[in-house]
Amino acid sequence: MSNILCIGAGYVGGPTMAVIAKHCPQHMVRVIDMNTDRIAAWNSNQLPIYEPGLEEVVNLARGRNLFFLTDENIGEQINWADIIFVSVNTPTKSFGLGAGRAADLQFWEKTARQILEYATTPKIIIEKSTLPVRTAEAMSQILNTNSRGVQFDVVSNPEFLAEGSAIKDLEDPDRVLIGGHNTPSGKKAVETIVELYANWVPREKIITTNLWSSELSKLVANAFLAQRISSINAISALCEKTDADIEEVAYAIGTDSRIGPHFLRASVGFGGSCFKKDILNLVYICEQQGLPEVAEYWQQVLTINEYQEARFVANMVHTMFNSLSGKRIALFGAAFKANTSDTRESPALAVCRELLEEQADLSLCDPYALDNARVDLGDLSEKIRFILDPYQAAEGAHAIAILTEWSYFSELDYQRIYDSMAHPAFIFDGRNILDHQKLFEIGFNIYPIGKTPLQHFA
Ligand code: NAD
Ligand code: UGA
């Protein structure tokens, strides 16, 4: 039996520890956070994040071998634990050297110093947060300054879950990656973490590597995923010029088993808390290592993403007779993807901000993400109506923009919506989730991504 502590009860720490606690009833799991509201929510019936299946897992383990606590007695918690997962946020640095690109490691370093201050018995420290390659070296250096002779083994175990499918991804991961030092105690630490995951993950899916490969693989995995989206989005622009259809192209190339069908959905752009920050971090590391050509290569993934968002808004402006001023527009979707309440780096909010610049009159509609959107938009939120009901949001609108791929947006009664809108009525489908032909027949003018528009006027 082990005592497992996780520092950071966010989108990763909370679900990951809940799944570990579910599958390892022999271990005790405590998750702590300095955000007391977040901990209160984890202990309530209204969990702090929306994630399909999360409530069931939490309800099963919470109070049995899963406990959410504030960091009030962090020293006691650190001493209680044998294994400490560090799952704190690692945002992009907003100040000083590397501002806007490097990872801000202040939260991470603070936890290292807290562990150093309080630990009196040996610990395995697990990097769960996404970190620049060679961070474990800094962590080891900080920890090994302890004068008490306490043994610390730092292990990298990056998380690959995607929001909206976090529980499924944790229950049945493609792989679990564990990196450690090639020393006797390093190998033992890796084996302990392998044993932990082997409680429910088949051994052949548990990959062990050296520390640096593990840290770097996490950044590279996100960079490759984002690169695929930027690649298909770049081609979507070409499709719109040539009457090719992006879905047909994606299908045609995706059936090549070497390319594969995933992550080829053209969209208004990718969002989420990690793709942008991790690529910025990768670019920064390459520059620091004297590899400007490599840095520039990955930077293009972000450039195309910004281009795609800007292109979407420009298309709305040009299509609606070069003026959006005072025009009512219903934005369907605020979350950065479906099945999450998360709005961090959401393309929906980027579009929202740009449309406000055009003085459009906006209604924002989302089933779970309106509270987060309000916070993220700050003062701008006063200029927007937040409406849960899509029918109400679309009433009197000149246009609808689909910004999140919530499936229920494709199941609405669009005849009813059309009848309640101003005419001509426009739909800009930033996710290609609607039945375009059917909507065109109702009377809408349709502007998908990477496809020929369907419009009732020349
Ligand atoms: P998050 O912001 O949701 O959660 C981090 C939590 O850590 C916050 O609640 C914060 O209050 C807490 N915290 C920070 N410093 C602390 C301290 N010293 N003591 C106690 N609590 C502290 O972030 P997240 O989305 O869970 O991401 C965490 C890490 O995991 C990041 O490095 C991210 O890149 C990585 N990651 C995220 C995802 C994802 O889907 N969100 C997926 C894979 C990896
Ligand atoms: C992503 C990765 O998929 C996870 O493996 C990783 O652990 C995580 O980042 C992280 O490190 O935070 P996430 O951002 O939660 O997960 O969600 P994704 O499904 O990857 O979607 C990211 C964005 O890309 C969303 O805005 C989504 O709508 C968009 N997307 C995705 C597309 O536009 N097209 C696609 O084909 C796929």
Side-chain angles (χ1 to χ4, degrees), residues 5-16 31-39 41-42 48-49 51 69-72 74 77-78 85-92 103-115 127-132 135 157-166 169-170 173-175 218-219 221-226 228-233 236 250 254 261-279 281 305 308-309 333 335-340 342-348 350 403-406 430-433 449:
L5 178 69
C6 177
I7 303 178
Y11 286 87
V12 169
T16 309
V31 193
I32 63 168
D33 203 293
M34 61 187 183
N35 181 334
T36 50
D37 290 344
R38 219 169 205 187
I39 290 299
W42 279 113
I49 58 178
E51 195 59 66
L69 305 157
T70 64
D71 67 346
E72 204 179 5
I74 191 162
Q77 308 301 347
I78 286 171
F85 283 86
V86 184
S87 184
V88 299
N89 36 327
T90 50
T92 303
D104 181 352
L105 298 178
Q106 61 170 305
F107 303 103
W108 172 257
E109 189 175 331
K110 186 176 167 213
T111 57
R113 293 191 185 279
Q114 286 169 323
I115 294 168
E127 297 181 335
K128 196 52 154 167
S129 302
T130 303
L131 295 159
T135 302
N157 170 221
E159 185 47 62
F160 294 102
L161 69 79
E163 289 178 31
S165 58
D169 297 341
L170 288 164
D174 285 348
R175 80 305 208 183
K218 172 63 197 176
L219 291 183
N222 274 358
F224 268 59
L225 290 169
R228 278 177 74 99
I229 302 169
S230 278
S231 297
I232 204 72
N233 281 345
S236 77
H262 302 293
F263 265 67
L264 290 178
R265 272 182 292 114
S267 66
V268 57
F270 60 72
S273 64
C274 293
F275 279 177
K276 184 175 171 189
K277 93 169 160 64
D278 291 349
I279 294 174
N281 189 209
N305 201 47
Q308 188 75 348
E309 270 171 21
F336 80 94
K337 63 183 279 195
N339 299 319
T340 177
D342 196 349
T343 52
R344 291 178 293 179
E345 297 292 340
S346 174
L403 300 175
T404 309
E405 68 275 31
W406 289 104
R431 296 290 187 168
N432 284 349
I433 56 168
I449 300 276

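In each ligand, atom 1 is the first atom listed, and ligand 1 is the first ligand listed.
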With a 3.5 Å distance limit and no angle check, can you tell me whether [X] reaches the backbone of [Y] through a side-chain donor-acceptor pair?
{"X": "D169", "Y": "L161", "value": "no"}
{"X": "T135", "Y": "P132", "value": "yes"}
{"X": "T16", "Y": "V12", "value": "yes"}
{"X": "T404", "Y": "W406", "value": "no"}

Please determine if R344 forms a cation-pi arrangement with F336, meaning its NZ or CZ atom is less than 6.0 Å from the six-membered ring centre and no more than 45° off the ring axis.
->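 No, a cation-pi geometry is absent between R344 and F336.
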Using salt bridge (charged side-chain N to carboxylate O under 4.0 Å, His left out) as the criterion, list what pairs up with K128, not counting sequence neighbours.
->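 E159.
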For R38, salt bridge (charged side-chain N to carboxylate O under 4.0 Å, His left out) partners two or more places apart |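 With sequence neighbours excluded, R38 shows a salt bridge (charged side-chain N to carboxylate O under 4.0 Å, His left out) to no residue whatsoever.
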Can you list, by chain and residue number, every protein residue with a non-hydrogen atom closer than 4.0 Å to ligand 1?
->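 Correct list: I7, G8, G10, Y11, V12, D33, M34, N35, R38, S87, V88, N89, T90, F107, T111, Q114, S129, T130, E159, L161, E163, K218, S273, C274, K277, R344.
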Applying a heavy-atom distance cut-off of 4.0 Å, which protein residues contact ligand 2?
->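 Answer by chain and number: E159, F160, L161, A162, E163, K218, N222, L225, I229, F263, L264, R265, S267, F270, G271, C274, F275, F336, K337, E405, R431.
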Return yes when atom CD of E72 has more than 12 non-hydrogen atoms of other residues, nucleotides or ligands closer than 6.0 Å, and no otherwise.
->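 No, the 6.0 Å shell around CD holds no more than 12 heavy atoms from other groups.
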Closest contact, heavy atoms only, N305 versus S230 =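 The pair with the smallest heavy-atom distance is N-OG, 3.9 Å.
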